[in-house]
Each structure stands twice: as structure tokens, then as C-alpha cells.
Amino acid sequence: MEDDKNTTTIHPITSAIREIVQIFDELGFSVADGPEIETDYYNFEALNFPKDHPARDMQDTFWLPDGRVLRTQTSDVQIHFMEEYEPPIRVIAPGKVYRSEATDMKHEAQFYQFEGLVIDEKGKINLGHLKWIISHFFKKFFGENTETRMRPGFFPFVEPALEFDIKLIGDDVPKKLQGKWIEMLGSGMVHRNVLKNAGIDPEKYQGFAFGVGIERLAMMRWMIDDIRLFHAGDTRFVSNFKAS
């Protein structure tokens with residue numbers, strides 16, 4: 001698409017994905033993709049979700065008549081990837097996901113997410129590597145004046161589970177974000193059940209995974225107040241973003 005000044009514009013989600021891929025490519029990560037229509041096994045069971053987990057409810061997940069689902073996270077890609085490739089593994093998986101929830105300024109029924117996965121022999125990978133990679137990514141994406149902190153969380157497919165918050169530092173930070181910690185990303189060490197389900201020996205290998213909403217990153221990067229703008233199809237919104 002071209003604007004009146006013949007300058008190419010780009011959708012902010014596309015711009016964010018390209019930058020994410022570039023950052024992780026520099027760290028030796030490959031990029032993987034997977035199906036958006038997924039089986040219960042790859043979307044839930046292989047990822048250690050209990051049969052009675054609330055994420056399986058109709059009000060949280062789009063179920064199809066044949067028992068498949070519109071994937072609720074890109075974590076399904078890590079199972080497919082681990083089944084196909086042997087460790088060591090360093091991969092990210094950007095893609096669209098779906099949640100059956102009400103739409104408002106901060107929530108959409110469809111949005112983009114990227115998942116990261118690192119698997120290697122025990123002794124070669126630990127939480128320290130996870131912390132460094134996440135901190136490095138945020139500094140690259142938001143700028144060097146970005147502080148990162150970890151705190152405990154809970155996700156069925158990792159143990160221990162951690163959540164990462166960031167705080168933007170500097171005089172150019174918008175007032176509403178100054179001095180505030182913002183929840184950004186879920187992560188943790190891959191649960192041994194997930195490794196076993198993917199055919200990887202948890203006695204020999206371990207690793208970590210992390211996931212974050214791409215719209216969430218873009219909203220903070222470009223100070224966008226309403227997530228619905230990303231999917232409204234309004235060219236006036238996209239025209240604000242110039243391709244480099």
C-alpha cells in the first residue's frame with residue numbers, strides 16, 4: 001500500500017513480527033509454523049492441561065463440531081516441532097490464536113502471539129539463560145532503558161512457571177507508563193510431561209518456553225490504546241506506520 005507521498009506503509013503487527021524474527025535470528029533461533037485448527041491433543045493434552053481445566057470450557061475456547069479447536073496459543077507448535085526435530089532446539093513460533101471471550105479495548109477473540117522454545121541437554125540450559133534471553137529481547141524491542149523483573153506464575157506446561165514484567169525508563173516515556181511495571185510475558189521450564197509427550201527424554205534434556213501477545217508488544221511500542229484497531233481493516237490506522 002502507498003500513501004500520498006509514495007511512502008510504503010506496513011501493518012504494525014507485520015512490522016512487529018519482522019522485528020521479533022530478526023532479534024531471535026541473531027540469537028540462533030529458527031522460525032516454525034503450525035495449524036490454526038488443532039486437535040485437543042496438541043492444543044491441550046500434550047501440553048499437560050488436565051481434563052477439567054477451565055481453558056477447555058466453551059466460554060474460553062472455540063470448539064468445532066468434529067472435536068477440534070481453533071488453537072488457543074501457539075504452544076501447540078512446540079509439540080509438533082519437538083516430535084519432528086531432535087534437540088538442541090531453539091525456535092520461535094509467531095502466529096494467530098483464538099479465544100472465546102468478549103471484545104473490548106484490551107481483549108480480542110483473535111490475536112497474534114509468539115512462542116519461544118529452547119531444549120538442550122541438562123546442564124547446558126537453565127533459568128539464567130531464560131532470564132537473559134527475555135531481558136535481551138525487551139531491550140532490543142523497546143530500547144536499552146527497559147527494566148525487567150520475574151515473579152512466580154502458573155501455566156500447566158511449565159514448572160516452575162514465571163511471569164515477566166517490564167518498566168520503561170526515561171524522560172520520553174509517556175506519563176501513564178512512567179514508574180509502572182507492566183505484565184508482559186509468561187514463561188518457565190518445560191514440564192517433564194510435555195517433554196515425554198513429544199518423545200524427548202526428560203532425564204537427559206530440559207529447556208524453557210515463553211509466550212507473549214504481539215498486539216500487546218505493539219500497543220506498548222507505539223502507544224496504541226485499543227487492540228481492536230489492529231483488526232478493524234481501517235487503512236487510516238495502517239497509514240500511520242511506515243515500512244523501513
Side-chain angles (χ1 to χ4, degrees), residues 13 16-34 42-44 46-49 55 71-82 85 87-97 99 111-120 124-142 146-167 181-195 197-198 200 202 205-221:
I13 292 178
I17 290 174
R18 288 180 179 178
E19 189 166 351
I20 290 165
V21 169
Q22 180 179 348
I23 292 170
F24 282 95
D25 177 70
E26 293 171 354
L27 297 176
F29 282 69
S30 57
V31 180
D33 195 10
Y42 284 102
N43 196 77
F44 291 123
L47 291 164
N48 204 40
F49 280 83
R71 67 179 180 190
T72 58
Q73 69 277 315
T74 52
S75 303
D76 66 318
V77 179
Q78 63 174 274
I79 302 297
H80 288 290
F81 199 88
M82 286 189 288
Y85 297 96
I89 291 171
R90 284 162 180 77
V91 64
I92 60 168
K96 188 182 291 186
V97 300
R99 303 280 174 86
F111 57 96
Y112 283 81
Q113 185 183 67
F114 87 89
E115 181 92 6
L117 175 69
V118 174
I119 303 292
D120 212 327
K124 292 185 177 181
I125 204 75
N126 55 49
L127 281 176
H129 297 105
L130 168 63
K131 180 180 179 181
W132 185 89
I133 285 175
I134 299 304
S135 297
H136 174 81
F137 167 69
F138 284 139
K139 286 181 180 293
K140 284 285 189 178
F141 194 84
F142 291 110
T146 303
E147 293 187 6
T148 306
R149 74 176 183 187
M150 299 187 303
R151 51 188 175 80
F154 174 76
F155 308 101
F157 36 86
V158 289
E159 177 61 39
L162 298 167
E163 298 197 47
F164 278 83
D165 305 330
I166 67 168
K167 182 166 63 175
W181 287 102
I182 310 297
E183 177 185 334
M184 291 299 297
L185 179 150
S187 66
M189 301 299 289
V190 179
H191 199 290
R192 62 185 291 111
N193 289 345
V194 174
L195 293 175
N197 291 338
I200 292 179
Y205 296 100
Q206 65 182 22
F208 55 79
F210 51 89
V212 60
I214 294 175
E215 284 90 339
R216 189 172 186 81
L217 292 169
M219 289 174 76
M220 281 200 64
R221 172 74 172 271

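These numbers come from the heavy atoms of this one structure, side chains and all, not from hydrogens, waters or symmetry mates. When a residue number appears, it is its place in the shown sequence, counting from 1.
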| query | Between P94 and A32, which heavy-atom pair has the shortest distance, and what is it? | reply | CD-O, 4.0 Å
| query | Which pair of non-hydrogen atoms, one from N48 and one from P156, has the smallest distance, and what is that distance? | reply | ND2-O, 2.9 Å
| message | List the residues meeting salt bridge (charged side-chain N to carboxylate O under 4.0 Å, His left out) with K124, not counting sequence neighbours, and say none if there are none. | response | E121
| request: Could you walk me through whether I92 and V31 pass the side-chain contact (heavy atoms from CB on, under 4.5 Å) test, one step at a time? | output: CA-CA 5 Å; I92 60 168; V31 180; 4.1 Å; yes
| message | A quick test of your reading: do over 12 heavy atoms of other residues, nucleotides or ligands sit less than 6.0 Å from CZ of R18? | response | no
| note | In short, V158 meets S187 closest at the heavy-atom pair CG2-O, 3.6 Å
| task | Supply the atom-to-atom distance Q206 CD to N126 CG, rounded to the nearest 0.5 angstrom. | result | 7.5 Å
| field | Side-chain donor or acceptor of E215 paired with backbone N/O of Y112 under 3.5 Å | value | yes
| note | Rounded to the nearest 0.5 angstrom, the NZ-CZ distance for K131 and F164 is 8.0 Å
| task | Compare every heavy atom of D76 with every heavy atom of L47, then report the nearest pair and how far apart it is. | result | CD1-N, 4.0 Å
| Sub-4.5 Å side-chain heavy-atom contact between S30 and R90 | no
| remark: When every non-hydrogen atom of A16 is compared with those of I214, the smallest separation belongs to CB-CG2, 3.8 Å
| note | Interatomic distance, CD@E183 vs CD1@I166, rounded to 0.5 Å, equals 11.5 Å
| said: Tell me if a side-chain donor or acceptor on E159 pairs with a main-chain N or O of G188 at a distance below 3.5 Å. | reply: no
| request: Report, as yes or no, whether the 6.0 Å neighbourhood of atom NZ on K139 holds more than 12 heavy atoms from other residues, nucleotides or ligands. | output: yes
| Stepwise side-chain contact (heavy atoms from CB on, under 4.5 Å) test for M184 and I134 | CA-CA 11 Å; M184 291 299 297; I134 299 304; over 6 Å; no
| Test side-chain contact (heavy atoms from CB on, under 4.5 Å) applied to F29 and I23, step by step | CA-CA 9 Å; F29 282 69; I23 292 170; over 6 Å; no
| Sequence-distant partners of M219, side-chain contact (heavy atoms from CB on, under 4.5 Å), two or more places apart | I224, I227, F230
| said: I'd like to know whether the aromatic ring centres of H129 and F208 sit less than 6.0 Å apart in this structure. | reply: no
| task | I would like to know whether R216 and I182 meet side-chain contact (heavy atoms from CB on, under 4.5 Å); could you show each step before the answer? | result | CA-CA 10 Å; R216 189 172 186 81; I182 310 297; 4.2 Å; yes
| Is there side-chain contact between I125 and I119, with heavy atoms separated by less than 4.5 Å? | no
| From E115 atom CD to F157 atom CZ, the distance as rounded to the nearest 0.5 Å | 6.0 Å
| Looking at the rings of F210 and F138, which for Trp means the six-membered one, are their centres under 6.0 Å apart? | no
| said: Can you confirm whether L162 sits close enough to L127 that some side-chain heavy atom of one is under 4.5 Å from a side-chain heavy atom of the other? | reply: yes
| Quick one: are I133 and F24 in side-chain contact, heavy atoms under 4.5 Å? | yes
| query | Where is the tightest heavy-atom contact between G34 and R71, given as atom of each residue plus distance? | reply | O-NH1, 3.3 Å
| Do side-chain atoms of R99 reach the backbone of T72 as a donor and acceptor pair under 3.5 angstrom? | yes
| Straight-line distance of F141 CZ to T146 OG1, nearest 0.5 Å | 10.5 Å
| query | Taking atom CG of L217 and atom CD of E19, what is their separation to the nearest 0.5 Å? | reply | 10.0 Å
